[in-house]
**Student:** 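Below: one structure in structure tokens.
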Amino acid sequence: MRSVWIPRTGPPEVLEVRDGPDPVPGPGQVLVRVRASGVNFADVSARLGLYPDAPPRPCVVGYEVAGMVERLGPGVDGNLAVGRRVVALTRFGGYAEAVAVPTPQVFPMPERMSFEEAAAIPVNYLTAVLMLRHFGNVQAGDRVLVHAAAGGVGMAAIQLCRIAGAEVIGTASAAKHAVLREAGVTHAIDYRTQDFEQEVRRLTGGRGVDIALDATGAFRKSYRTLAPLGRLVCFGFSGAVTGLSLNWLAVIPKLVSLPWFHPIRLMNDNRAVIGVNLGHLWDRMDMLRREMLALLADYEAGRIKPVVGKTFPLVEAAAAHRYIQERQNVGKVVLTVA
Ligand SMILES: NC(=O)c1ccc[n+]([C@@H]2O[C@H](COP(=O)([O-])OP(=O)(O)OC[C@H]3O[C@@H](n4cnc5c(N)ncnc54)[C@H](OP(=O)(O)O)[C@@H]3O)[C@@H](O)[C@H]2O)c1
């Protein structure tokens with residue numbers, strides 16, 4: 001089987017396609033023949049050497065796949081029969097034509113779900129669920145600021161806000177604003193040319209938002225957009241990615257200028273600052289599994305619909321990374337295997 005490796009840090013073209021034997025599913029695992037594999041910003045960061053959770057290089061990243069069960073490891077029975085269409089959380093190894101996955105991380109796909117849609121669900125939607133439901137307690141009438149709203153997590157967050165009856169203010173490159181409005185965003189802000197803090201103040205009549213989701217690293221400003229009892233969820237630092245290769249001279253000042261939030265200030269401001277890292281919840285697979293099953297039910301009921309912005313053949317993973325880094329994607333980027 002072919003897989004895509006990160007042999008060293010560098011621009012997208014360092015990604016290398018290698019051929020090798022299929023993995024053998026161990027006890028409690030199944031072998032999934034991959035048809036679609038989700039690309040995440042974390043994979044781009046891993047390639048750049050900016051993702052501390054990535055496996056040691058050379059490595060194959062990839063958090064999620066969809067495909068068919070091809071082989072059962074010892075002790076596997078139940079509803080994961082050979083030939084079953086499944087979606088799986090992989091941490092890591094998803095950029096491959098086949099992957100062995102423990103069964104608690106594997107879910108039968110709804111009938112009418114495509115492989116591409118399935119691969120667009122786990123990371124984006126689970127992250128949005130943790131931020132908006134577990135921590136954010138999103139309610140009808142809430143105002144939610146979603147940064148990079150047209151991205152993979154952003155689009156998932158918009159859909160969950162709509163289900164809750166919350167209003168979304170989204171930031172994104174200007175070319176994506178029409179799509180955001182179609183998705184139900186009330187106000188779109190171009191965060192690269194407009195001061196989003198001022199815009200949020202203006203749009204909310206000075207009150208601020210109830211929840212702000214920030215993976216760009218503009219935490220200080222996002223904090224200031226919060227209304228009393230507001231919650232800032234920090235879940236990434238895409239602002240550290242300044243080019244197609246890593247430039248520590250640009251990254252270090254950004255890291256150094258990250259804010260510290262003092263408890264006394266949080267108390268007096270009546271605000272919360274929250275951190276989310278889905279990858280650090282792998283030992284809570286029981287909870288993630290429950291949420292995945294609920295999301296698949298949401299899909300079947302027509303409440304969520306993954307937005308697959310663009311697909312690339314697995315062997316063109318480098319082009320997929322470049323596409324994301326050039327900020328061209330709307331929704332999820334997915335690698336496909338014919
Ligand atoms: N903590 C967690 O558990 C967790 C889980 C999933 C994702 N995340 C984080 O959430 C963020 C979104 O992830 P995603 O996978 O859904 O990606 P994504 O939002 O689809 O990422 C691409 C988009 O991010 C925006 N962007 C902002 N800064 C950028 C930069 N420096 N370079 C390139 N694009 C930039 C661009 O949109 P615009 O054109 O609108 O700027 C781009 O199109 C990432 O920071 C990721 O690390 C965290």
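Just so you know, ligand 1 is whichever comes first in the structure, and atom 1 is the first atom listed for that ligand. Hydrogens, waters and symmetry mates are skipped; everything else that's a heavy atom, side chains included, is used.
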**Student:** With heavy-atom distances below 4.0 Å as the criterion, list the atoms of ligand 1 near Ala215.
**Tutor:**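 With Ala215 as reference, the close atoms of ligand 1 come out as 9 (C), 10 (O), 11 (C), 45 (O).
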**Student:** Any idea which protein heavy atom is nearest atom 37 (O) of ligand 1, and the distance to it?
**Tutor:** Lys176 NZ, 3.2 Å
**Student:** Looking at ligand 1, does any of its N/O atoms fall within less than 3.5 Å of an N/O of Thr216?
**Tutor:** no
**Student:** Start with the C-alpha gap between Asp214 and Tyr223, add the side-chain angles, then the distance that decides, and say whether side-chain hydrogen bond (donor to acceptor under 3.5 Å, both in side chains) holds.
**Tutor:** CA-CA 9 Å; Asp214 190 348; Tyr223 180 84; over 6 Å; no
**Student:** Ignoring hydrogens and geometry, is there a side-chain-to-backbone donor-acceptor pair from Gln159 to Lys305 under 3.5 Å?
**Tutor:** yes
**Student:** Quick check: Gly152 and ligand 1, any N/O pair under 3.5 Å apart?
**Tutor:** yes
**Student:** Please say whether Phe237 places an N or O atom under 3.5 Å from an N or O atom belonging to ligand 1.
**Tutor:** no
**Student:** Below 4.0 angstrom from a heavy atom of Val241, which ligand 1 atoms are there? Numbered from 1 as shown, please.
**Tutor:** 30 (C), 31 (N)
**Student:** Among all protein heavy atoms, pick the one closest to atom 5 (C) of ligand 1 and tell me residue, atom and distance.
**Tutor:** Thr127 OG1, 3.2 Å
**Student:** Taking side-chain contact (heavy atoms from CB on, under 4.5 Å) as the criterion, tell me which of Leu160, Ile169, Val138 meets it with Val144.
**Tutor:** Val138
**Student:** Is it the case that more than 12 heavy atoms not belonging to Glu326 sit under 6.0 Å from its CD atom?
**Tutor:** yes
**Student:** Which heavy atom of the protein is the closest neighbour of atom 22 (C) of ligand 1, given with residue, atom name and distance?
**Tutor:** Asn329 OD1, 3.4 Å
**Student:** So which protein heavy atom does atom 19 (O) of ligand 1 come closest to, and at what separation?
**Tutor:**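 It is Gly151 CA, 3.3 Å.
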**Student:** Do Val153 and ligand 1 have an N or O pair less than 3.5 Å apart?
**Tutor:** yes
**Student:** Starting from atom 10 (O) of ligand 1, which protein heavy atom do you reach first, and at what distance in Å?
**Tutor:** Phe235 CE1, 3.1 Å
**Student:** When clusters are formed by joining ILVMFWY residues with side-chain heavy atoms under 4.5 Å apart, either directly or through shared neighbours, do Val333 and Val17 land in the same one?
**Tutor:** yes
**Student:** Between atom NE2 of His147 and atom OH of Tyr191, what is the distance when rounded to the nearest 0.5 Å?
**Tutor:** 8.5 Å
**Student:** With heavy atoms of Ile324 as the reference, note each atom of ligand 1 found under 4.0 Å away.
**Tutor:** 22 (C), 33 (C), 34 (N)
**Student:** Give yes or no for whether the N/O distance cutoff of 3.5 Å, strictly under, is met between Tyr191 and ligand 1.
**Tutor:**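 There is such a contact, yes.
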**Student:** So, is the end of the Lys310 side chain (NZ or CZ) under 6.0 Å from the ring centre of Tyr323 and within 45° of the ring's axis?
**Tutor:** yes
**Student:** Testing Asn40, Val44, Asp43 one by one against Val61 for a side-chain contact (heavy atoms from CB on, under 4.5 Å), which residue passes?
**Tutor:** Asp43
**Student:** Stepwise, does the side-chain hydrogen bond (donor to acceptor under 3.5 Å, both in side chains) test hold for Tyr125 with Glu291?
**Tutor:** CA-CA 9 Å; Tyr125 282 87; Glu291 295 298 357; over 6 Å; no
**Student:** Relative to the heavy atoms of Ser173, which atoms of ligand 1 are at a distance of less than 4.0 Å?
**Tutor:** 38 (P), 39 (O), 40 (O), 41 (O)
**Student:** Within 45° of the axis and under 6.0 Å from the centre of the six-membered ring of Phe237, does NZ or CZ of Lys254 qualify?
**Tutor:** no
**Student:** Out of all atoms in ligand 1, which are within 4.0 Å of some heavy atom of Asn40? Include the element for each.
**Tutor:** 15 (O)
**Student:** So Arg47 and Thr9, side-chain hydrogen bond (donor to acceptor under 3.5 Å, both in side chains) or not? Walk me through it.
**Tutor:** CA-CA 5 Å; Arg47 197 204 74 233; Thr9 62; over 6 Å; no
**Student:** Within 45 degrees of the axis of the six-membered ring of Phe135 and under 6.0 Å from its centre: does Arg231 put its NZ or CZ there?
**Tutor:** no
**Student:** What residue and heavy atom of the protein are closest to atom 24 (O) of ligand 1, and at what distance?
**Tutor:**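 Result for atom 24 (O) of ligand 1: Ala148 CB, 4.1 Å.
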**Student:** Can an N or O of Gly239 be found at a distance shorter than 3.5 Å from an N or O of ligand 1?
**Tutor:**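 It does not: no N or O of Gly239 is found under 3.5 Å from an N or O of ligand 1.
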**Student:** Under 4.0 Å from a heavy atom of Ala172: give me the atoms of ligand 1 that qualify, with their elements.
**Tutor:** 40 (O)
**Student:** Could you name the option among Tyr63, Phe41, Tyr323, Tyr51 that has the heavy atom nearest to atom 44 (C) of ligand 1?
**Tutor:** Phe41
**Student:** Hey, any chance Ile6 and Val60 share a hydrophobic cluster, counting ILVMFWY side chains that come within less than 4.5 Å of each other, even indirectly?
**Tutor:** yes
**Student:** Step by step, would you call Arg71 with Gln29 a side-chain hydrogen bond (donor to acceptor under 3.5 Å, both in side chains)?
**Tutor:** CA-CA 9 Å; Arg71 249 180 98 182; Gln29 296 187 337; over 6 Å; no
**Student:** Just need the protein heavy atom nearest to atom 28 (N) of ligand 1, so name the residue and atom and give the distance.
**Tutor:** Ser238 OG, 3.1 Å
**Student:** How close does the nearest protein non-hydrogen atom get to atom 30 (C) of ligand 1, and which residue and atom is it?
**Tutor:**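 For atom 30 (C) of ligand 1, the nearest protein heavy atom is Arg327 NH2, 3.5 Å.
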**Student:** Counting N and O atoms only, with roles assigned by atom type, does the side chain of Glu64 sit under 3.5 Å from a partner on the main chain of Val87, one being a donor and the other an acceptor?
**Tutor:** no
**Student:** Show me which atoms of ligand 1 lie under 4.0 Å from any heavy atom of Leu278.
**Tutor:**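 Contacts of ligand 1 toward Leu278, numbered from 1: 2 (C), 3 (O).
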**Student:** Are any of the N or O atoms of Val123 closer than 3.5 Å to those of ligand 1?
**Tutor:**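 For ligand 1, there is no N or O atom that lies under 3.5 Å from one belonging to Val123.
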**Student:** So, is Gln325 polar-close to ligand 1, with some N/O to N/O distance under 3.5 Å?
**Tutor:** no
**Student:** For the 3.5 Å polar cut-off, considering only N or O atoms, please tell me whether Arg192 and ligand 1 meet it.
**Tutor:**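 Among all N and O atoms of Arg192, none is under 3.5 Å from an N or O of ligand 1.
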